[in-house]
Chemist: 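Structure incoming, see below.
This is a predicted model, so every value here is computed, not measured. What you see below is based on every heavy atom in this structure, not just the backbone, and it leaves out hydrogens, waters and symmetry mates.
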Amino acid sequence: MRRRQVCLLALVATLGTVTAACTMDTPATQPSMVPLIDPAKLPIATPAPPTSAVLLSDSAVPLIGAVPDGECAFSDAIDGGEVTFVVGDHLIGASVDGITLRCLAALTTAQRSPARWSPIANRVLLGNDTIIDITGTRPARFDPAGPRAEWEYPNGDNLIAPSASGFTVTRRAALDTSQQSDVTFLASTTQVISHPSGQLLIAVGTARDRSRGIFIASPQGQTMRPVLLLRTAKVNIADVAADPAGDSLYFVDSSGSNFRVRRLTLTDLSVADIATVQGPAQQLTPGVEPGSVAWRAGLCNSIAETYALDSQSAKPVLVGTRPPMKGKSISPVGWLDASRLVVIARPIGCDGPGDIWIWNKADTSATLLVQNVAYPSIRLLHTPAAAPNIDIGAQPLRL
């Protein structure tokens, strides 16, 4: 008799595996009710092996081949995290598996700029001068050419930024940016961020007694205290960022062509070295889990590299060592969880359109989300941290 073989293939995208099962069509026979295996000998359940992160596949085929073409509407963040980017005059949001894709806002040419999402992911700051949320689009009123404005924790109700001169620090209400207050606490400020608890401001600059370093103060700019000081003018702080747990800061200091990535523990003001690189180290990108941080190293007129700190070994890991990412210029975008880091890869340099990859620290694999897009960012709800318990007797280290 002629037989027909039917093969069923099921593709499981999140695990990157393919399973196959084949059945045979045969002439009808009298069915037997006798079980092939004694039911008493069957296992009650076969648990799947545990996994803490989505396995990725190093595929060069993007999950997103085309972006939606239609009207835009600002929407709540996608559960599990969202990657946003700019294509043409549209701000696009995508789920990390590439299945959910929508246009969040139509942009003018001037609004096409780096995006920073608020701590509860309900509004976005484009560049230094545009805020978009469910209520609409409005000017942020910070100097587009000035130091970067930052969201204030825990809810992103305000934005803070130094002036272009560095002589003042201004807080503006996110819903009505005409409402502002002066929260200056240094003679000159080059960078200011909000602590993840929302109970401190952290600034890099020069105090009124001419000491230089990293300083903290209350959200109102009062009770200023140094947490790290610099001995000479030859050493500078290039960047500072807070660990999501709130108990430490990451910073980059430089002297000449040497750049060091370090961790400052706020409880006792101790400092630990993470990495030393030749050439600029910038773009500190803390994770959503304590102990995770990434940064970019190298000049932007060549091939830049991205490193991620392995919290278990306390050693930096180079991102993108396997084809097809190998040899690309890579910059960090943001973390999705303890293992997965979103990066943008370009042929060369640190600016312009590129390909968005999700790199997995657990096994150094990666998956390509979308190609040839600009200004990627991570839209993710951040959990507030506790305020650090700084030893009243701790003295700041002098580098």
Chemist: Quick one: are Trp359 and Thr364 in side-chain contact, heavy atoms under 4.5 Å?
Modeler: yes

Chemist: Within 45° of the six-membered ring axis of Phe142 and under 6.0 Å from that ring's centre, is NZ or CZ of Arg172 located there?
Modeler: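 Relative to the ring axis of Phe142, which defines the angle, Arg172 lies inside both limits.
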
Chemist: Do Ile344 and Tyr375 share a hydrophobic cluster, counting only Ile, Leu, Val, Met, Phe, Trp and Tyr and linking them when any side-chain heavy atoms are less than 4.5 Å apart?
Modeler: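 Different clusters: Ile344 never reaches Tyr375 through Ile, Leu, Val, Met, Phe, Trp or Tyr contacts under 4.5 Å.
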
Chemist: Does any non-hydrogen side-chain atom of Leu229 lie less than 4.5 Å from one of Leu397?
Modeler: no

Chemist: Going by distance alone, is a donor N or O of one side chain under 3.5 Å from an acceptor N or O of the other, for Asp363 and Ser365?
Modeler: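 The criterion, which ignores hydrogens and geometry beyond distance, is satisfied for Ser365 and Asp363.
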
Chemist: Working note: Glu82 + Leu104, criterion side-chain contact (heavy atoms from CB on, under 4.5 Å); need CA distance, chi angles, decisive distance, verdict.
Modeler: CA-CA 12 Å; Glu82 184 173 8; Leu104 298 171; 3.9 Å; yes

Chemist: Which distance, rounded to the nearest 0.5 Å, do you find between the CD of Gln278 and the CZ of Phe259?
Modeler: 10.0 Å

Chemist: Is there a side-chain contact (heavy atoms from CB on, under 4.5 Å) between Val252 and Leu284 once you walk through the steps?
Modeler: CA-CA 8 Å; Val252 176; Leu284 287 174; 3.9 Å; yes

Chemist: Spell out, as yes or no, whether a donor-acceptor pair under 3.5 Å connects the side chain of Thr190 to the backbone of Val204.
Modeler: yes

Chemist: Apply the test salt bridge (charged side-chain N to carboxylate O under 4.0 Å, His left out) to residues Arg141 and Asp129: give CA-CA distance (whole Å), side-chain angles for both, the deciding distance (0.1 Å), then the verdict.
Modeler: CA-CA 6 Å; Arg141 302 178 190 269; Asp129 201 38; over 6 Å; no

Chemist: State which residue, out of Asp239, Asp243, Thr285, fulfils the side-chain hydrogen bond (donor to acceptor under 3.5 Å, both in side chains) condition with Tyr250.
Modeler: Asp243

Chemist: Sequence neighbours excluded, which residues qualify as side-chain hydrogen bond (donor to acceptor under 3.5 Å, both in side chains) partners of Gln199?
Modeler: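 If we apply the side-chain hydrogen bond (donor to acceptor under 3.5 Å, both in side chains) test to Gln199, skipping adjacent residues, there are no hits.
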
Chemist: Quick one: does any side-chain atom of His90 pair with a main-chain N or O of Ile92 as donor and acceptor, under 3.5 Å?
Modeler: no

Chemist: Please round to the nearest 0.5 Å and tell me the distance separating atom OG1 of Thr84 and atom CG of Leu380.
Modeler: 11.5 Å

Chemist: Counting only N and O atoms by type, is there a donor-acceptor contact under 3.5 Å from the side chain of Asp133 to the main-chain atoms of Thr135?
Modeler: yes

Chemist: Using a 3.5 Å distance criterion without hydrogens, assess whether the side chain of Ser113 forms a donor-acceptor pair with backbone atoms of Gly127.
Modeler: yes

Chemist: Using modelled atom types only, decide if a donor and an acceptor are shared between the side chain of Gln180 and the backbone of Thr170 within a distance under 3.5 Å.
Modeler: no

Chemist: Quick check: do Arg346 and Ser331 have side-chain heavy atoms less than 4.5 Å from each other?
Modeler: yes

Chemist: I want to check something: taking the side chain as every heavy atom from C-beta on, are Phe251 and Leu264 in contact at a cut-off of under 4.5 Å?
Modeler: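 Contact flag for Phe251/Leu264 side chains = yes.
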
Chemist: So which pairs with a foot in residues 85-123 pass disulfide bond (SG atoms under 2.5 Å apart), sequence neighbours left out?
Modeler: Cys72-Cys103

Chemist: Working to the nearest 0.5 Å, report the span between CG of Leu175 and CD1 of Ile131.
Modeler: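 The CG atom of Leu175 sits 8.5 Å away from the CD1 atom of Ile131.
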
Chemist: Output, in order, the C-alpha distance, side-chain angles, deciding distance and verdict of side-chain contact (heavy atoms from CB on, under 4.5 Å) for Ile216 and Met224.
Modeler: CA-CA 6 Å; Ile216 60 173; Met224 184 273 289; over 6 Å; no

Chemist: Can you list, pair by pair, the side-chain donor-acceptor contacts under 3.5 Å of residues 287-302, counting residues two or more places apart and other chains?
Modeler:
from: Arg296; atom 1: NH1; to: Gln283; atom 2: OE1; distance (Å): 2.6
from: Arg296; atom 1: NH2; to: Gln282; atom 2: OE1; distance (Å): 2.6
from: Ser302; atom 1: OG; to: Leu299; atom 2: O; distance (Å): 3.1

Chemist: Keeping the roles fixed (side chain from Asp143, backbone from Ala145), state whether a donor-acceptor pair exists under 3.5 Å.
Modeler: yes

Chemist: Are the side chains of Pro388 and Asp247 in touch, meaning some heavy atoms are under 4.5 Å apart?
Modeler: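 Result no, sub-4.5 Å side-chain heavy-atom pair not found.
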
Chemist: Can a side-chain donor-acceptor contact be found between Ser194 and Trp151 if the only test is distance below 3.5 angstrom?
Modeler: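 Looking only at side-chain atoms, Ser194 and Trp151 do not form any donor-acceptor pair under 3.5 Å.
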
Chemist: Hey, is CG on Asp209 packed in by over 12 heavy atoms from elsewhere, all under 6.0 Å?
Modeler: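 More than 12 within 6.0 Å, yes.
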
Chemist: Applying side-chain contact (heavy atoms from CB on, under 4.5 Å) to Ile356 and Ile64, what does each step give before you reach the verdict?
Modeler: CA-CA 10 Å; Ile356 308 303; Ile64 299 172; over 6 Å; no

Chemist: Would Leu228 end up clustered with Leu200 when hydrophobic side chains under 4.5 Å apart are linked, directly or stepwise?
Modeler: yes

Chemist: Answer yes or no: does atom CG of Asp273 have more than 12 heavy-atom neighbours from other residues, nucleotides or ligands under 6.0 Å?
Modeler: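 Yes, the 6.0 Å shell around CG holds more than 12 heavy atoms from other groups.
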
Chemist: Do Thr177 and Arg138 get their side chains close enough for a donor-acceptor pair, meaning under 3.5 Å?
Modeler: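 Side-chain D/A pair, Thr177 to Arg138: absent.
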
Chemist: Is it true that the side chains of Ser211 and Arg208 contain a donor and an acceptor less than 3.5 Å apart?
Modeler: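 There is no such pair (donor and acceptor under 3.5 Å, judged by atom type) between the side chains of Ser211 and Arg208.
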
Chemist: When you group the ILVMFWY residues by side-chain heavy-atom contacts below 4.5 Å and let the links chain together, are Val96 and Val333 in the same group?
Modeler: yes

Chemist: So which atom in Pro147 and which in Ala164 form the shortest heavy-atom distance, rounded to 0.1 Å?
Modeler: CD-CA, 3.8 Å

Chemist: Within the side chain of Gln179, is there an N or O that forms a donor-acceptor pair under 3.5 Å with the backbone of Asp176?
Modeler: no

Chemist: Have Ser248 and Thr265 got a donor and an acceptor in their side chains that come within less than 3.5 Å?
Modeler: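 There is no such pair between these side chains.
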
Chemist: Quick one: side-chain hydrogen bond (donor to acceptor under 3.5 Å, both in side chains) partners of Arg398, sequence neighbours excluded?
Modeler: none

Chemist: Taking the side chain as everything from C-beta on, heavy atoms only, tell me whether Val240 gets closer than 4.5 Å to Gln191.
Modeler: yes

Chemist: Sequence neighbours left out, what passes side chain to side chain contact (heavy atoms under 4.5 Å, CB included) with Thr383? Give chain and number order.
Modeler: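 Testing Thr383 for side chain to side chain contact (heavy atoms under 4.5 Å, CB included), a comparison that skips the adjacent residues, returns none.
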
Chemist: Do the non-hydrogen side-chain atoms of Thr267 and Asp391 ever get within less than 4.5 Å of each other?
Modeler: no

Chemist: Would you say the side chains of Arg260 and Ser255 form a donor-acceptor pair under 3.5 Å?
Modeler: yes

Chemist: For Thr232, check side chain to side chain contact (heavy atoms under 4.5 Å, CB included) against everything at least two apart and list the hits.
Modeler: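 For Thr232, the residues satisfying side chain to side chain contact (heavy atoms under 4.5 Å, CB included) (neighbours in sequence not counted) are Lys234, Val235.
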
Chemist: Salt bridge check: are Glu71 and Arg102 linked by an N-O gap of less than 4.0 Å?
Modeler: no

Chemist: Within the side chain of Arg379, is there an N or O that forms a donor-acceptor pair under 3.5 Å with the backbone of Ala121?
Modeler: yes

Chemist: Do you know which two heavy atoms are closest between Leu381 and Ile120, and how far apart they sit?
Modeler: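 Nearest pair, atom of Leu381 first, then Ile120: CD1-CA, 3.4 Å.
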
Chemist: For Arg210, does its backbone N or O pair with a side-chain atom of Thr206 as donor and acceptor, under 3.5 Å?
Modeler: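 Absent.
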
Chemist: So, Arg322 side chain and Lys326 main chain: donor-acceptor pair closer than 3.5 Å or not?
Modeler: no

